[in-house]
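Read the structure below first, then the notes.
This is a predicted model, so every value here is computed, not measured. Naming convention: chains lettered A, B, ... in sequence-line order (proteins, then strands); numbering from 1 in each chain.
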Amino acid sequence: MSTLRTALLNAALTIEEQKPWPRITVDADTWRQATLAIAAGNATLSGLWAEPGAMHMAVLDDEDGALMVLTLATPDGCFPSVGLTHPPAQRLERSIVDLHGLIPEGTPDDRRWLDHDRWGVRAPLGTGASAPADGAPYPFLKAEGPPLHQIAVGPVHAGIIEPGHFRFSANGEIVVRLEERLGYVHKGIERLLTNTTLDAAAKVVARVSGDSTVAYSFAFARAAEAALGVGVPQRAIWLRALMAELERLANHLGDIGAICNDAAFALMLAHCGILREEVLRACKTAFGHRLMMDRIIPGGVISDLDDPAPIKALTTRIRQRFPRFVELYDNTASLQNRTVSTGHLSPELARRFGVGGPIGRASGRAFDARKAPGYPPYGDLDFKAAKREDGDVNARIWVRIDEVYESLELIEQIIDRLPTGPIAYPLAPALRERRVPQAGGLAHEPRDSASEGLAMIEGFRGDVLVWLRTDETGGVLRGAVRDPSVFQWPLLEAAIEGNIVADFPLCNKSFNCSYSGHDL
Amino acid sequence: MRDAENRRAGYVYLLMASFGTLMLLLAFGLLAGPDGDYAFSAIRTAEHVPWLAGLVLVLMLLGAGSKAGLVPLHVWLPLAHPAAPSHVSALMSGVMTKVAVYGFIRVVFDLAGEPAWWWAVLVLILGAGSAVLGVLHAVLQRDLKRLLAYSTVENIGIIFIGLGLGLAFKTNNMAGAAALAVTASIFHAFNHSLFKSLLFFGAGNVLTGSGERDIEKLGGLVHRMPETAYLFLGGCLAISALPPLNGFVSEWLILQAILLSPDLPQWALRFLVPASGAMLALAAALAAACFVRAFGITFLSRPRSPAAETAHEVSRWQIRAMYSLLVVCLIAGVFPGPFLDALSPVSQMLVAGAMPKQPILPHLSIIPISESRSSYSGFLVFFFIMMASWAAIRVIHNFASRAVRRAPPWDCGFPDASPVTQYTADSFAQPIRRVFGPIAFRAKISQTMPQPGDLAPARLTLSLRDLIWELIYTPIESAVLFAAERLNILQFLTIRSYLSLVFAALVLLLVLVATWA
Amino acid sequence: MGLILAILVQGIQMVLVLALAPGLIGFTRKVKARLLRRQGPSILQPYRDLLRLVRKEAVLADNASWLFRNAPYLIFATTWVAAALVPTFAAGLHFSWAADLIAITALLGSARFFLALAGMDIGTSFGGIGSSREMLFATLAEPAMIMIVFTVALVAGSTQLSTVAEFMVDHSTLRVSLGLALIGLIIVALTENARVPVDNPATHLELTMVHEAMILEYSGRHLAVIELAAALKLLLYISLIACIFAPWGMARQDDGVLGMLVGVVTWVGKLAIGSFLMVLFETAIAKMRVFRVPEFVGGALMLGLLGTLLLFVSRSF
Amino acid sequence: MRRMLFEGLFRRPVTERAPTVDDAEIEALAERLGIAAKARLGRSLSIREIDAGSCNGCELEIHALNNSYYDVERFGLRFVASPRHADVLMVTGPVTANMREGLERTYVATPAPKWVVAVGDCAAGCGVFGKSYAVIGSVSEVIPVDLVIPGCPPEPIDMLKGLIGLVEASVRG
């Protein structure tokens, strides 16, 4: 256990038994110190969310990948800004201001983020005061120099892409500054996760980002199981991993093709597209849904793998064909010319922002939630986390290529060693027998019967974090999700440095951040 | 600000004009020879020592070249031409530079006797250099009138390329080819005086109508000054050498002349001529980019400043004067034959040859050398374009839906009325600056982009260096300053020292006179 | 009688280029689809697309000027005139003396001039991007084209395309200079027609567009006319390459109907082969970075200049 | 690469046979869309996709329409970059308050005749999201919808059927 964690535990006012990681309530000073420690690089900020009267901050210990949640009571609606010293928190804080109305003291950026003045209310999860829905203009950050023009792209993009607005300040092709404006697909997911049933919450979380639906359902199930204290059959655990790897495989294949297609190399897209389609069809045959949406539920999975043959055939086929695409990528000089050294993300920034997934791993941050903090069944599986140091588009493609191979490896291992038995335990009996944990002493803390769970799952994009508080009947009192994109989006603004306007789509596609997951 | 600029322009103009005049006087002096007979007929019949004639050429290039705006003697032109009122600018750029061209032709082709082949080398290099450097500067300008002034430098370069070709052919007794080159060159001078005046008048209208000549602050004038826009566009098409207007005809003729040069015996010329052809083509293409930018930023898009928003059309008479220029441009482009025929006595006199008589009928086409080599019919091209557009419009109007709806511009679903969301003139030129800048301007950029979460403004700094100014004029300037400082001590000598200086000078002069004879 | 026939042939050729141009685009799309293991749209699809576009209403931006409305027709007209002057199935076109290869280049320059202006008319940033990139590429592609014309003209002794074609039929020999010119012309053709590796005709990314960015605001009949002009331009360039470097099978003015038919068939074959090779090349290469394109096109300029210089050194190269 | 290109040239494309769409359905669709009244566009439709708040699931499946298996282009359907070039707007997701303006502007920017296809359960009726402070509602509450393709997300084959129906209806009118 690292010294920071020990220090925080010692300074804690109360310690909540939140599975599998503790949640401690701290005072403002300890909160500030934790913030400084994160800014100094002693730990990584992994999540920041609010509820009426309290702020929560998930901190990841870089040494062993253990998580810890810090809670700060906010009786006067203020909290010391994390973003003041640690920029990655800024957008999370702006979202909290918009949704809850809690004020981060000393925040450098007080512009609205998710709230585009379209909702008709302010702080819908807080006071909910009505406000004009007039879409006030957004002040973009400044850029100075010889006559610059701005390129306003989005929210309705030219391709089949989610909505978001990009504002380039440019001198001809030179990008002087890029600023994102997101929030277009904000659907109020945090509100939907408040006081609802477990089933409804599961459905919503599965649709936070459709491309990572398995990862989200997986994370939700684990958080719910932790909160409710229920177990999962072995076979379900392995099937979940199987689905997660299939999802990763499909998405990586799609991404590799799409990145190359952004350099007008359609051959790669076509062939990767064929493989991707075959993965989705195998998923449909095996689990009854192409994207495997809603297949994972708290307590297990809902569809069993009756016949592993289609999946086996799929892996054989991919093993046969994919190396040729890799060779094609490696041998096409014109393509390499586009990807090498384009969109460079420095390891320093990647570490500071705690960016996960292929983006982080392409910039030397080896973090992979499957390894650490780790979750079953990956401890029993043999695989390597891909890692590159270059941090350019090329490195991000290579990390994805490596991960395709790793996923194939994992799928084969899982199919070979898939345990037998039930695929789900019914929740109701377990809930009845459940031991109610003892809760801490603050007045606004949840009722005694409530319990909490936190789960981190490695999706294809990076680590997905789901936090859940349930009541004794299994209803969801409150939930928070954090998409890996939250920490990846700001870095796209930095990765464009030194690149020209026309190279942005390539950088963007190589990041492939989620809009829906970010906007929630 | 503007005053200081004008003062500087005036100063540089004065210096360069005196320098040019000095060179011209020296050239005339050399031509007139020891007898001092300045009559053309006398000079023409006089025998010229070859190296003296060469010196005359160099002096003419310095003298007439500085007056016409040949690189590197052009520096005064982009300062002085825009400083004048627009109709005067039109006169300066359109007509006055042509006087210098006339002087050059008169002396070098007519009076200085048989040219040597290296004369052509010199003229071609200066012409090609002027053409490309002039237009490269023009592409980067944001002052509309200065842009036009730089474009004058370019066109002077084109004219000199033609003259250089003429010299090359003349020295090798290829009268037909020389006639073609010289005719093309003079025709281009004529054309340039037309469309450059038109463009300067247009720039004047813009200045009158909006009070602004910085194109970064203009935009959308096509709606507020429709007639000026129409006329300016005509000028842009002509100067960009696009058929069926006149600029194309003269540049086409020069290119045709270049195609005749493989027969030249001198190796230097054989290499130089195609190279200057490439430069000419490059200059023409850059000119198109330059004038797309000039017209597009000034007249199209949305207004970039209140001045542009409240611009108004100028008076009818100003417009009418311009129409007449445009009509002549069109006539010279569509029916160039008679113009070329009219120039044949000139080429006869200068190079003892003439282009073939241009047939009025059939086809109204022009023939530079012979029908089998090449021909061009401005009229037919014009006619075909008109017919094809007419046909397209007819067919479309008869068979297509005629429904039209006005809607907001497609803005990706994010309305932002701010004019900053459209291209700036500087942005438009950036790619060209990036490609050609390192050679011509030593363009350097430095950039600070704040990291994510840092709200400080991003910054781009750009430094452009005018290499010609730095390599030629700055050293002269510092040499003059240096000398002045040294000579300054002469002010503080004793009477005795002054007297001895006077005495020494006298002795020196006497010795000189004694030894000269 | 001869004159009427000549005018007739010229007329047929003008109609034919117009009629075949969309089919050529359809063919390239079909080949591309097949290379990507897809069935692909019918070769006739571009005709259907044009038909659909002319049936739709035209949406004009609020601040669109007369230039925006008229530019499509001017672009089309100049391109069509240029295309009509390139000998396709028969050499010795009647109106060939109206313009030579330099004039054809300049006519395409006029079309580009109007297109670039139309792109800037509305004042969206994408239009500006497209125009500025297009003009940058043109600053090198145009002189490259002129140098290629020089090379060809020095070999054939004329800039008149009909004469060049006839010369090439009679004296087809391998020459270094013509080889250089051919490579240069292919580069110019790819650039001018907004093909990979310079531009991507199938792109959906505004920020990378060149040609598409300028026409994002066009709709309905205006778009149809511009699309047709783009198709004509592709046909023009392939015909140009065929006419200069592979003039075999081209009919002569005095050939009978049969000769003309043979000419048409071989021409269509050449178009197919040319576009097929183009698509093959396109599929095998990624698009360049924007600032690599000037080097690529600059290469064409150098090749053209080299070809010309070689011929200045000796006519036998 | 050579091998892949040869495969493309000499082997059959992987594109699957087109799904059959019932004639009566097409007639009904043509009737409902009022195609005869608007204009017959023939076997050629351009599609502009708009995400008005979806979770990206529908986008993935719309992407799949372009892959070699479904090859939507063979039916004369093409995804285009600008609404000015489009005839069909495929809209996904429950319309969020923040995207409403974008959707409306896209609709206005599209030249007539135009059709709107609501893709997915969210576009059809908000799906699991329901109306809230951030969600306006289904697509039809913002712009007129002509065709609904349900599913969460709809499978490419279902979308293909819907779009083929639209093309065929547009021919017959």
Side-chain angles (χ1 to χ4, degrees), chain A residues 148-154 156-161 166-175 178 257-275 277 328-329 331-342 496 499-509, chain C residues 28-29 31-40 120 123-137 190 194-213 215-217 279-296:
Chain A
L148 302 176
H149 72 281
Q150 292 186 357
I151 309 174
V153 194
V156 184
H157 295 292
I160 305 166
I161 316 170
F166 298 97
R167 187 62 70 112
F168 297 83
S169 296
N171 179 251
E173 302 283 346
I174 307 168
V175 181
L178 163 64
I259 297 170
C260 296
N261 191 52
D262 275 11
F265 196 67
L267 194 59
M268 195 69 126
L269 177 70
H271 285 272
C272 286
I274 291 172
L275 283 192
E277 179 66 21
L328 175 68
Y329 173 72
N331 291 339
T332 307
S334 57
L335 190 55
Q336 296 271 324
N337 190 279
R338 293 298 304 278
T339 57
V340 175
S341 83
T342 305
I496 192 71
N499 292 278
I500 60 169
V501 172
D503 283 335
F504 172 73
L506 204 55
C507 302
N508 187 22
K509 192 69 84 186
Chain C
T28 60
R29 290 202 187 132
V31 175
K32 179 109 189 186
R34 284 304 299 265
L35 286 173
L36 302 179
R37 307 295 315 270
R38 290 195 282 118
Q39 188 184 320
M120 295 175 81
T124 62
S125 40
F126 303 125
I129 289 180
S131 300
S132 122
R133 286 181 189 158
E134 175 85 4
M135 292 321 283
L136 168 71
F137 298 164
L190 289 172
R195 309 299 303 192
V196 182
V198 173
D199 190 6
N200 181 6
T203 189
H204 290 303
L205 305 160
E206 291 122 331
L207 296 173
T208 67
M209 292 174 175
V210 183
H211 178 81
E212 282 282 310
I215 62 172
L216 276 179
E217 277 289 335
V279 174
L280 204 60
F281 175 71
E282 265 192 339
T283 314
I285 196 165
K287 188 174 144 173
M288 290 178 180
R289 291 171 193 244
V290 166
F291 287 113
R292 292 273 292 196
V293 176
E295 292 170 23
F296 180 65

Self-check item: Which atoms of Phe166(A) approach chain C - backbone, side chain, both or neither, heavy atom under 4.5 Å
Solution: neither

Self-check item: Proximity breakdown for Thr283(C) and chain A, heavy-atom pairs closer than 4.5 Å
Solution: both

Quiz item: Under the criterion side chain to side chain contact (heavy atoms under 4.5 Å, CB included), which of Val501(A), Asp262(A), Asp503(A) is the partner of Leu207(C)?
Solution: Val501(A)

Quiz prompt | Closest non-hydrogen atom pair between His149(A) and Ser125(C), with its separation | solution = CD2-CB, 4.5 Å

Practice problem: Side chain from CB out, backbone as N, CA, C, O: work out which of these in Gln336(A) comes under 4.5 Å of a heavy atom of chain C, or both, or neither. | Solution: neither

Quiz item: Is it the side chain or the backbone of Ile274(A) that comes within 4.5 Å of chain C heavy atoms, both, or neither?
Solution: side chain

Self-check item: Euclidean distance, His204(C) NE2 relative to His157(A) NE2, rounded to 0.5 Å
Solution: 14.5 Å

Quiz item: Which of the residues Met288(C), Arg38(C), Arg133(C) is involved in the greatest number of heavy-atom pairs with chain A at under 4.5 angstrom?
Solution: Arg133(C)

Practice problem: Please determine, among Gly172(A), Ala170(A), Cys260(A), Ala270(A), the option with the most heavy-atom pairs under 4.5 Å with chain C. | Solution: Ala270(A)

Practice problem: Under 4.5 Å heavy-atom distance to chain A, tell me which part of Ala284(C) shows up: side chain, backbone, both or neither. | Solution: backbone

Quiz prompt | Structural part of Leu35(C) lying under 4.5 Å from a heavy atom of chain A | solution = backbone

Practice problem: Quick one: which of Asn200(C), Ile285(C), Thr124(C) has the most heavy-atom pairs under 4.5 Å with chain A, could you say? | Solution: Ile285(C)

Quiz prompt | Nearest non-hydrogen partners of Ala286(C) and Ser334(A), listed with the distance | solution = N-OG, 2.9 Å

Practice problem: Sort Ala152(A) into side chain, backbone, both or neither according to what part of it lies under 4.5 angstrom from a heavy atom of chain C. | Solution: backbone

Quiz item: Once you round to the nearest 0.5 Å, how far does CZ of Arg289(C) lie from CG of Asn337(A)?
Solution: 5.5 Å

Quiz prompt | Minimum heavy-atom distance Ala264(A)-Lys287(C), with the two atoms named | solution = CB-CB, 3.5 Å

Quiz item: Which one of Glu282(C), Arg37(C), Arg292(C) has the most heavy-atom pairs closer than 4.5 Å to chain A?
Solution: Arg292(C)

Exercise. Go through the steps to decide whether Phe265(A) and Val196(C) satisfy the test side-chain contact (heavy atoms from CB on, under 4.5 Å), and finish with yes or no.
Key: CA-CA 9 Å; Phe265(A) 196 67; Val196(C) 182; over 6 Å; no

Quiz item: What pair of heavy atoms forms the shortest contact from Val290(C) to Ala502(A), and how long is it?
Solution: CG2-CB, 3.4 Å

Quiz prompt | Inter-residue atom distance Lys32(C).NZ - Leu267(A).CG, 0.5 Å rounding | solution = 8.5 Å

Quiz item: Would Ile151(A) and Glu206(C) count as a side-chain contact (heavy atoms from CB on, under 4.5 Å) if you check the C-alpha gap in whole Å, the side-chain angles of each, and the deciding distance to 0.1 Å?
Solution: CA-CA 10 Å; Ile151(A) 309 174; Glu206(C) 291 122 331; over 6 Å; no

